[in-house]
Amino acid sequence: MAATLQGATPVPPDAPASVVVAIDGPSGTGKSSTSKAVAAKLGLSYLDTGAQYRAITWWMLTNGVDVDDAGAVAAASGKPVIVSGTDPSAPTITADGADASGPIRTPEVTAAVSAVSAVPEVRAAITALQRDIAAEAARTTAGIVVEGRDIGTTVLPDADLKIFLTASPEARAARRGGELKARPGDAGVDLEATREALLRRDAADSSRKTSPLAKAGDAVEVDTTDLTLEQVIECVVTLIEDKRRTA
Ligand SMILES: Nc1ncnc2c1ncn2[C@@H]1O[C@H](COP(=O)(O)OP(=O)(O)OP(=O)(O)O)[C@@H](O)[C@H]1O
Ligand SMILES: Nc1ccn([C@H]2C[C@H](O)[C@@H](COP(=O)(O)O)O2)c(=O)n1
C-alpha cells in the first residue's frame, strides 16, 4: 500500500517543531469537522482514517470480495493502493487510482465498514499507511491532525496531543439527522433509527479484538454535547497552542 503526502504546507525555515495531534471518538462526535477546521486554521495536514477504512471496504465490495468472509477480506487486504490527500481544505481519497470520496459515503459502505475494519490484516495494512503519512507530515510540514478510533491508543501512541471527543447519542443522532435531507412528502428523518444505527456501529467498533475504539489513558476528553462546532474548534486550537507553548 502506498503512502503519499499530497497538498502539504511546506515548513518555513524558522518554524516551531511540528506537532502530531490524535483525535478519536465515536461516530458523529465531530471528529472530521473539528479536525479539518483546526488543521486549516493552524496550517497543519489532516488525515481522515475512517475514509481509508471506507475506501478499502469500497474496493472489496467493487472487486467481488465477500465482506462477511474474514478470510477473504484478509487475503485481499494487501491488494488495493489507498492514497490519502492531506490538505484539510480539500482532502482526497483514492483506491487503485479511482476517486473514492463519493462512493465511500454510501449506505452499503457504511453498513460493511465495521466488519472489514475488524479484520487484523486490514488494520495492519492501514495502520502502516497511517504511520507513514504521519511521519512524513511531521518531517516535512508543520504537523498533522489524525482522526479516527484508535489513533491515540495504537496508531500514534507517542502523539504530542491526544483528544477524545464524546457527545450524547441523542446529540449525535440530531447532528446526523441534520445531514440527511428529508425529501418533500417524506415523514422526515427517523432520529430513533439514526441513533440506533450509531450505537450499533459504536458497539461493533468498541468490541472488536484488534485495536478497538477506546480513549487513550493520556487523552483529553471533550464532551461536545452542549458545545457548538465553533466552540469545539476553539477548544482544540487552544489545547494545541498550549501544548506547543509548553513543549
Ligand atoms: N459541536 C457540534 N454541534 C453541532 N453539530 C456538530 C458539532 N460537531 C459536529 N457537528 C455536525 O455533526 C455532523 C457529524 O460530524 P462529523 O462528521 O465531524 O463527526 P465524526 O465524529 O467525524 O463522525 P464519523 O466518525 O461518523 O465520521 C456534521 O454534520 C457536523 O457538521
Ligand atoms: N481509526 C479508525 C477509523 C475508522 N475505523 C472504522 C470504524 C468506523 O465505523 C469506520 C468508518 O469511520 P468514520 O468514517 O465513520 O469515521 O471505520 C476504524 O476502525 N479505525
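All ligand and atom numbering here is 1-based and tracks the order in the structure. Heads up: numbering here begins at 1 and tracks the sequence.
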- Would you say Glu147 contacts ligand 2, with heavy atoms under 4.0 Å as the rule? no
- Which of the numbered atoms in ligand 1 are below 4.0 angstrom from a heavy atom of Pro26? 21 (O)
- Task: Say whether Tyr53, considering both its backbone and side-chain N or O atoms, lies within less than 3.5 Å of an N or O atom on ligand 2.
- Result: no
- Region of Val232 engaging ligand 1 - heavy atom pairs below 4.0 Å: side chain
- Can you measure from CD1 (Ile151) to OG1 (Thr153) and round to the nearest 0.5 angstrom? 7.5 Å
- Shortest protein contact, atom 29 (O) of ligand 1 (heavy atom only): Glu179 OE2, 2.6 Å
- Item | Where ligand 1 meets Gly30 - atom numbers and elements under 4.0 angstrom, heavy-atom basis | 8 (N), 9 (C), 15 (O), 16 (P), 18 (O), 19 (O), 20 (P), 21 (O)
- Note on the structure: Quick note on ligand 1: atoms under 4.0 Å from a heavy atom of Leu227 include exactly 1 (N), 2 (C), 3 (N)
- Item | Residue part near ligand 1, for Arg172, under 4.0 Å between non-hydrogen atoms | neither
- Among all protein non-hydrogen atoms, which one is nearest to atom 6 (C) of ligand 2, and what is the separation to 0.1 Å? Ser117 OG, 3.6 Å
- Short question: side chain of Thr62, backbone of Trp59 - any donor-acceptor pair under 3.5 Å? yes
- Message: Can you confirm whether the side chains of Ser27 and Arg201 place a donor and an acceptor under 3.5 Å from each other?
- Response: yes
- Would you mind telling me if ligand 1 is within reach of the side chain of Thr228, the backbone, both or neither, using heavy atoms under 4.0 Å? backbone
- With heavy atoms under 4.0 Å as the rule, classify the contact between Arg149 and ligand 1 as side chain, backbone, both or neither. side chain
- Query: Relative to atom 25 (O) of ligand 1, which among Arg176, Arg105, Lys31 owns the nearest non-hydrogen atom?
  - Reply: Lys31
- Query: Where is the nearest protein heavy atom to atom 1 (N) of ligand 2: which residue, which atom, and how far?
  - Reply: Asp150 OD1, 2.8 Å
- Are Leu198 and Val113 connected, step by step, through hydrophobic side chains (Ile, Leu, Val, Met, Phe, Trp, Tyr) whose heavy atoms are closer than 4.5 Å? no
- From atom 15 (O) of ligand 1, work out which of Ala167, Ala174, Gly25, Ser33 has a heavy atom at the shortest distance. Ser33
- What residue and heavy atom of the protein are closest to atom 12 (O) of ligand 2, and at what distance? Gly50 CA, 3.5 Å
- Contact check: Arg149 vs ligand 2, nitrogen or oxygen atoms, below 3.5 angstrom: yes
- Task: Check whether any N or O atom of Ser27, backbone or side chain, sits under 3.5 Å from an N or O atom of ligand 2, and answer yes or no.
- Result: no
- Query: Are any side-chain N or O atoms of Thr92 and backbone N or O atoms of Ser84, one a donor and one an acceptor, separated by less than 3.5 Å?
  - Reply: no
- For Ser18 and Ala138, indicate whether the former's side chain and the latter's backbone hold a donor-acceptor pair under 3.5 Å. yes
- Query: N/O to N/O below 3.5 Å, does that happen between Asp205 and ligand 2?
  - Reply: yes
- Message: With a heavy-atom distance limit of 4.0 Å, tell me whether Glu230 approaches ligand 1 through its side chain, its backbone, both, or neither.
- Response: neither
- Under the 3.5 angstrom rule, does the side chain of Thr127 hit a backbone N or O of Ala124 as a donor-acceptor pair? no
- Start with the C-alpha gap between Asp205 and Arg149, add the side-chain angles, then the distance that decides, and say whether salt bridge (Lys or Arg N to Asp or Glu O under 4.0 Å) holds. CA-CA 8 Å; Asp205 294 343; Arg149 302 291 192 289; 3.7 Å; yes
- Item | atom 3 (C) of ligand 2: nearest protein contact (heavy atom, Å) | Thr49 OG1, 3.3 Å
- Any donor and acceptor pair, going by atom type alone, linking the side chain of Thr34 with main-chain N or O of Lys31 inside 3.5 Å? no
- Test of proximity, Arg54 against ligand 2: N or O pairs below 3.5 Å: yes
- Message: With heavy-atom distances below 4.0 Å as the criterion, list the atoms of ligand 1 near Arg201.
- Response: 26 (O)
- Task: Could you check atom 15 (O) of ligand 2 against the protein and tell me its nearest heavy-atom contact, residue, atom and distance included?
- Result: Arg201 NH1, 2.9 Å
- Item | hydrophobic_cluster_shared for Val20 and Phe164, side chain cutoff 4.5 Å | no
- Item | Identity and distance of the protein heavy atom lying nearest atom 20 (N) of ligand 2 | Arg123 NH2, 3.0 Å
- Taking Arg175 for the side chain and Gly28 for the main chain, is one N or O donor matched with an acceptor at less than 3.5 Å? yes
- All heavy atoms of Arg54 vs all of Val109, minimum pair found to be O-CG1, 3.7 Å
